[in-house]
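The sequence lines fix the lettering, A, B, ..., with proteins before strands; numbering per chain opens at 1.
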Amino acid sequence: MRVRFAPSPTGLLHVGGARAALYNWLMARGSGGEFLLRIEDTDRERSTPENIEQILDALRWLGLDWDGEPVLQTTHEERHRAVVQTLLDEDKAYRSTATAEDVKAFKAEHGADRGFRGGDHPTRVSAEDAARGVGAVRLRVPEGETVVRDLVRGDTTFKNVHLDDPVVARADGSPLYNLAVAIDDLDAGITHVVRGEDHLSNTPKQLLVLQAMGAEAPLYAHLPLLHGPDGKKLSKRHGAASVQELRDAGYLPDAVVNYLALLGWGDVDDETEIPRDELVKRFDIARVSKNPARFDEQKLRWLNGRYLRAQGLDALVAAVQGHLIEAGHGHMVAGKEDLLRTAVEISQEKITTVDEFWPLAGFLFTGPADDLQAREKWLDEPHREHLAAVRETLAGVDPFDTEHVDAALRALVGERGVKAKDVFQPLRVALAGRAISPGVFESAAALGREETLRRVDLALEG
RNA sequence: GCCCUCAUGGUGUAGCGGUUAGCACGCCAGCCUUUCACGCUGGUAGCGAGAGUUCGAUUCUCUCUGGGGGUACCA
């Protein structure tokens with residue numbers, strides 16, 4: 001089995017594209033086949049080297065490694081042109097100056113469901129003009145029907161009468177998409193073309209090109225498209241529509257891979273959390289759903305939380321650190337590796353994305369936040385009284401670790417006969433500046449006695 | 001308009017002629033609890049509609065309705 005992912009570098013890698021890449025990758029890795037990368041850069045206006053690099057980056061981040069070097073489609077132009085010439089020589093294609101209006105007029109005359117035929121149409125250019133490169137090259141569509149052998153939707157039949165003679169090359173001889181893909185997949189020995197459903201309607205054209213070349217067609221698998229929460233085609237307007245955005249939002253690549261795999265594919269045993277290596281073993285393209293799926297960020301969040309909590313501390317610290325650096329907070333934690341490690345450890349259970357770490361635990365590095373409501377509620381007169389007692393207790397705790405802080409404070413609560421939260425919350429607000437933080441004992445221990453007392457004093461004064 | 005295509009709760013799915021229609025997210029409630037979470041328990045909600053086929057349709061066929069994609073000298 002040899003498959004490929006063929007993005008066009010006209011922007012960031014979209015989650016739909018990422019899913020197509022993932023399915024291709026899963027097929028290849030699950031079968032011992034090859035996963036190739038081809039950059040469809042024939043749209044020279046919109047294709048940029050930056051976009052290519054971004055896409056490769058996104059793929060790397062997701063852990064979807066490809067075989068061999070990425071191939072640029074434009075490097076095959078000679079071959080494409082040669083095929084066009086052969087088609088012309090064999091009269092399987094012809095040159096025509098037909099415009100959109102000509103095609104419309106043709107349909108008005110012959111019926112809306114009749115494909116345009118320019119072989120003996122007035123717009124067909126003369127032999128002399130053709131030799132001078134006048135007119136776009138159109139492929140002759142033969143009679144009969146074209147069937148797409150599709151692994152996810154079964155065979156799809158297109159009656160050739162409905163198809164227009166497709167333009168396969170511009171007047172200047174430069175190849176067009178439907179010709180180029182067909183040839184490139186053929187030359188690369190691609191056995192399965194797995195791509196988005198938006199390509200389904202184009203497939204018969206590509207099949208016709210192959211047929212004209214006397215070549216054999218690959219098998220196809222057209223994936224249903226991904227929609228946004230509003231049911232419309234997923235686009236930039238939907239927030240996290242690109243892999244880059246997912247990454248910035250603090251999602252873990254493994255969680256994204258797991259989520260995407262399940263978006264449109266389900267195994268018989270219906271599991272939700274499936275690690276990558278299991279995915280590789282179990283993924284079956286034939287079981288991919290036929291209906292379009294909505295990208296549900298809430299479920300991704302949940303799944304990400306599961307992965308995040310299951311992650312080893314070292315890996316999570318590395319992920320958090322990388323994310324902080326990208327977010328511009330790198331300097332805040334530089335040189336404080338031990339504290340960072342502790343902070344991550346005590347935050348792991350409370351965050352669902354890497355992005356949530358800083359808002360939750362940043363106070364350990366920068367000082368208390370400034371949540372007025374929290375202060376008003378938990379640092380009023382009666383609570384300060386408790387806090388003063390807390391200070392006194394804490395000053396005598398030794399060693400100053402979670403266990404001892406915990407024991408001492410609980411004893412204090414019992415002693416004073418008050419509700420636990422009336423003692424713990426003021427301390428939390430004193431340390432974190434807000435009512436939400438990692439465990440208060442853990443936080444105090446992480447800060448150390450000196451800093452803890454300093455912040456408590458500050459709260460007592462303020 | 002024309003061509004192709006899809007249809008199980010709000011969302012993603014399991015099901016492949018006979019099930020109390022399963023799982024997960026979400027939502028609601030309770031428990032746990034120093035906040036927030038996590039976790040646990042329970043609950044809410046579904047086979048788009050109409051004809052067939054059949055002893056029996058969520059499952060097979062057709063129609064309708066609704067959704068999606070395509071319809072470029074873009075990819």
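More than 12 heavy atoms of other shown residues, nucleotides or ligands fall within 6.0 angstrom of atom CD in A/Gln244.
For B/C4 and B/G9, the P atoms lie 27 Å apart once the distance is rounded to whole Å. Taking atom P in both B/U59 and B/G50, the straight-line distance is 12 Å, to the nearest Å. When the C1' atom is used for both B/C74 and B/U61, the distance is 40 Å, rounded to whole Å.
Between the CG atom of A/Asp113 and the P atom of B/C4 there is a distance of 9 Å, rounded to whole Å. Between the CZ atom of A/Arg428 and the C1' atom of B/A37 there is a distance of 11 Å, given to the nearest Å.
The list of ring-ring contact (aromatic ring centres under 6.0 Å, His included) pairs with a residue in residues 408-432 of chain A, not counting sequence neighbours, reads A/Phe424-A/Phe441.
Checked by distance alone, A/Asp41 brings no side-chain donor or acceptor within 3.5 Å of a matching partner on the base of B/A75. Checked by distance alone, A/Lys350 brings a side-chain donor or acceptor within 3.5 Å of a matching partner on the base of B/C36. Side-chain atoms of A/Arg153 stay outside donor-acceptor range of the base of B/U5, with no qualifying N/O pair under 3.5 Å. Between the side chain of A/Lys299 and the base of B/U13, no donor-acceptor pair of N or O atoms lies under 3.5 Å.
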Could you list all N or O pairs between the protein and nucleotides 39-43 of chain B that sit under 3.5 Å apart?
from, atom 1, to, atom 2, distance (Å)
B/G39, OP1, A/Arg306, NH1, 2.7

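Between the side chain of A/Thr452 and the main chain of A/Ala444, a donor-acceptor pair closer than 3.5 Å is present. Without hydrogens or angle criteria, A/Arg124 side chain to A/Gly119 main chain gives a donor-acceptor distance under 3.5 Å.
Within the shown strands, B/U65 is the pairing partner of B/A7 under the Watson-Crick or G-U definition, both distances less than 3.5 Å.
A donor atom on one side chain and an acceptor atom on the other are found under 3.5 Å apart for A/His199 and A/Tyr177. The closest side-chain donor-acceptor pair between A/Thr156 and A/Asp150, if any, does not fall under 3.5 angstrom.
At the heavy-atom level, A/His222 lies nowhere under 4.0 Å from the strands shown. Residue-level contact check: A/Thr10 touches neither bases nor backbone, having no heavy atom under 4.0 Å from any strand.
Taking only side-chain atoms of A/Arg138, from C-beta outward, the nucleotide of B/U35, B/C73, B/G68 with the closest atom is B/C73.
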